[in-house]
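Every chain is numbered from 1, with letters handed out A, B, ... down the list of sequences. We use all heavy atoms of the structure for the numbers below, so side chains are in, but hydrogens, waters and symmetry mates are not.
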2 protein chains.
Amino acid sequence: MQSHVLPTFADVEQASRRIASQARLTQLLEAPDLNARTGGRVLIKPEMLQRTGSFKFRGAFNRISQLDADRHPQGVVAFSSGNHAQGVAAAAQLQNLPAVIVMPDDAPAVKRTNTEGYGATVVTYNRRSEDRRAIAESIADERGSVLVPSYDDRHVIAGQGTVGLEFAAEARRRDADLDVLLVPCSGGGLIAGINLAFKAMSPSTEVCVVEPEGFDDHARSLKSGERVANERADGSICDALLSTQPGELTFEINRKCLKGAFVVTDDEVRDAVAYAYRVLKLVVEPGGAVALAALLAGKVDAKGRTVGIVLSGGNIDTDQFCSILRAS
Amino acid sequence: MQSHVLPTFADVEQASRRIASQARLTQLLEAPDLNARTGGRVLIKPEMLQRTGSFKFRGAFNRISQLDADRHPQGVVAFSSGNHAQGVAAAAQLQNLPAVIVMPDDAPAVKRTNTEGYGATVVTYNRRSEDRRAIAESIADERGSVLVPSYDDRHVIAGQGTVGLEFAAEARRRDADLDVLLVPCSGGGLIAGINLAFKAMSPSTEVCVVEPEGFDDHARSLKSGERVANERADGSICDALLSTQPGELTFEINRKCLKGAFVVTDDEVRDAVAYAYRVLKLVVEPGGAVALAALLAGKVDAKGRTVGIVLSGGNIDTDQFCSILRAS
């Protein structure tokens, strides 16, 4: 499978064909209110409408559908804060393979419940004191199953890249010449895949990363030219974006392609979640809303420009969702 | 404008061209979970993603964009529980025409706020003791403005019919042969327009009406062969579906075309609102969720069939929404 080599645009194109029968081709949305408010044209990729409620199904299915079930009867293992967990569990279920997922004990209940709903076994760990990779690798060794990384993997990156491929293709069909594309980022798999697609399909678009305050490892790594880690392991409401540092493969792509980096606060993210509910009628989780947050907070100048944003997921606990809506 | 004659499919086709630049062509969604749960293939038309958060913008814009602004400087008047209100207000604003909207004093706050947000003046009335039509007609007389009916109007029906035109066309593109289509219903404008489209484009599809318990005037009118009224004016959580009886024009179409009628309880509607949030990641208001409610409650046999449903709107107050989600 050659999972440790850098993916190319051809891998993204292959992934697009491979996932077509199971993933949803989410179509771009445009909201008059958002255009009026920003003074630009905003195109939204609503990945909470993707199977499993986030883009993560794309990469997981692209990876797992290539496994030979006869050679790997013990299936797959993954570690994830919850969206990759659901993607892997659903993809494994479709391939009739067992899945074990290592999740932090403070993950949103909905993410754990859904993961188990797709038939996976969940093992929890403590985000501050335990090493999730070590736990997952030890399970993979014991069971003889395959570890599916959440971002640093050729086929996972290529799968997430289909978000970019679809975005660029549909923008073209709509005669929209994207000036900027804003993408939520944790380990960097989604934005790396998108970069591969945009480099080939829309090279003039400035692809920019958006991260939560305190977890701006990409912003700082881009400045310093090498991968730097975050100081914290928790403390943001963006539970999906708490990776410790950029991935190796992903950063190798991203450091060459990214044109900018934005950081948003928890309050800006809350405003974006409430806006998506009120105006867009979409359920977005905090980590999925950071690109919208950067736009609404005026951090990105959209005036007279065409701006794309990815809403990357919508798996949020009801208590948190309603507390955000009621405070808005 | 000949608004009091029966619309035809040609009117729906014209409406489709007329609204194309301003309305959103909402694309069908399909959810693996819903297919698995019902044993069929379910295609969803998500009209909460329509401009103003409901399908009502279609009919309002189709009607109002045909007004000669020079002849009607005083603009338009409408009465509405809230979604037609927003549709008319937004359409009038786009045409630079003033709008006055007569709304019940118990309408959801979000509907009133949004209506005013589109620049309309809101006048309230008491649903039990006052006649909204009389109030609106008197305002129209005084101001010299044009009354835009919420359903009993050729161009309003034709505009709503674009939901059906788009549904049938996209189903065809997806090789989906719709056996049944479930449509929320109040005065019957949406389903009448849809019937015109389906009679022309997909005549074998059984178009069925779904109404809230206590407001099943269409179900009873279809049985008796003539229009019968509801006994109550309020008492359902489906605030958008509380019309007193079928419209004249709409029933003239619907009584010939409808193939079935389903009634859902408030609790079934709550379940559907919560399901749409949890699984579909969409914000649906109670009245917009009745077709989904009928399906989830097992009132419609979907096994082995292809079923279309319209989610007609998503304008719901946060308190009500969160109370439904927390109880689910």
Side-chain angles (χ1 to χ4, degrees), chain A residues 21-36 44 46-54 57 86 90 93-94 109-110 113-114 117-118 170 174 273-274 276-285 288 311-328, chain B residues 21-36 44 46-54 57 86 90 93-94 109-110 113-114 117-118 170 174 273-274 276-285 288 311-328:
Chain A
S21 68
Q22 299 296 343
R24 195 178 287 160
L25 201 167
T26 56
Q27 277 151 330
L28 298 178
L29 301 176
E30 196 172 348
D33 184 272
L34 194 52
N35 290 349
I44 304 163
E47 281 292 298
M48 79 289 293
L49 303 183
Q50 185 52 260
R51 195 165 188 152
T52 72
S54 90
F57 177 76
Q86 293 170 78
Q93 190 178 47
L94 285 167
V110 65
T113 307
N114 290 352
Y118 297 120
E170 191 177 345
R174 291 175 174 233
V273 170
Y277 154 76
R278 208 174 61 247
V279 179
L280 307 178
K281 309 297 177 190
L282 295 171
V283 179
V284 188
E285 64 180 278
L311 299 181
S312 53
N315 295 308
I316 182 170
D317 275 345
T318 300
D319 280 350
Q320 184 182 38
F321 191 56
C322 288
S323 131
I324 290 173
L325 302 191
R326 286 193 159 138
S328 73
Chain B
S21 69
Q22 299 296 343
R24 193 177 289 161
L25 201 167
T26 55
Q27 278 151 330
L28 298 179
L29 302 176
E30 196 173 347
D33 184 90
L34 194 53
N35 290 349
I44 304 162
E47 280 292 298
M48 78 290 293
L49 303 182
Q50 186 51 261
R51 196 164 186 151
T52 73
S54 90
F57 177 76
Q86 293 169 79
Q93 189 177 48
L94 285 167
V110 64
T113 307
N114 289 351
Y118 297 121
E170 192 177 345
R174 290 174 176 235
V273 170
Y277 154 76
R278 207 175 60 245
V279 179
L280 307 178
K281 307 298 177 191
L282 295 171
V283 179
V284 188
E285 64 180 279
L311 298 180
S312 54
N315 295 307
I316 182 170
D317 275 345
T318 299
D319 281 350
Q320 184 182 36
F321 191 56
C322 289
S323 130
I324 290 172
L325 301 191
R326 286 192 159 139
S328 73

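Only the backbone of A/Glu30 comes within less than 4.5 Å of a heavy atom of chain B; no side-chain atom from C-beta onward does. Neither the backbone nor the side chain of B/Ala276 comes within contact range of chain A; no heavy atoms are under 4.5 Å apart. Proximity to chain B involves both the backbone and the side chain of A/Leu325, based on heavy atoms less than 4.5 angstrom apart. For B/Asn315, the parts sitting under 4.5 Å from any heavy atom of chain A are the backbone and the side chain alike.
The OH atom of B/Tyr118 sits 7.0 Å away from the CG atom of A/Asp33 when rounded to the nearest 0.5 Å.
The backbone N or O of B/Gly314 lies less than 3.5 Å from a partner atom in the side chain of A/Lys281, making a donor-acceptor pair.
Residues A/Phe321 and B/Phe321 have side chains in contact (heavy-atom distance under 4.5 Å, counting atoms from C-beta outward).
The minimum heavy-atom distance between A/Ile316 and B/Tyr277, with the atom names listed, is O-OH, 3.4 Å. The shortest heavy-atom contact between B/Arg326 and A/Cys322 is NH2-CB, 3.6 Å.
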Mind running side chain to side chain contact (heavy atoms under 4.5 Å, CB included) on B/Leu282 and A/Leu282 for me, showing each step along the way? CA-CA 5 Å; B/Leu282 295 171; A/Leu282 295 171; 3.9 Å; yes
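With sequence neighbours left out, A/Asp317 forms a side-chain hydrogen bond (donor to acceptor under 3.5 Å, both in side chains) with no residue at all.
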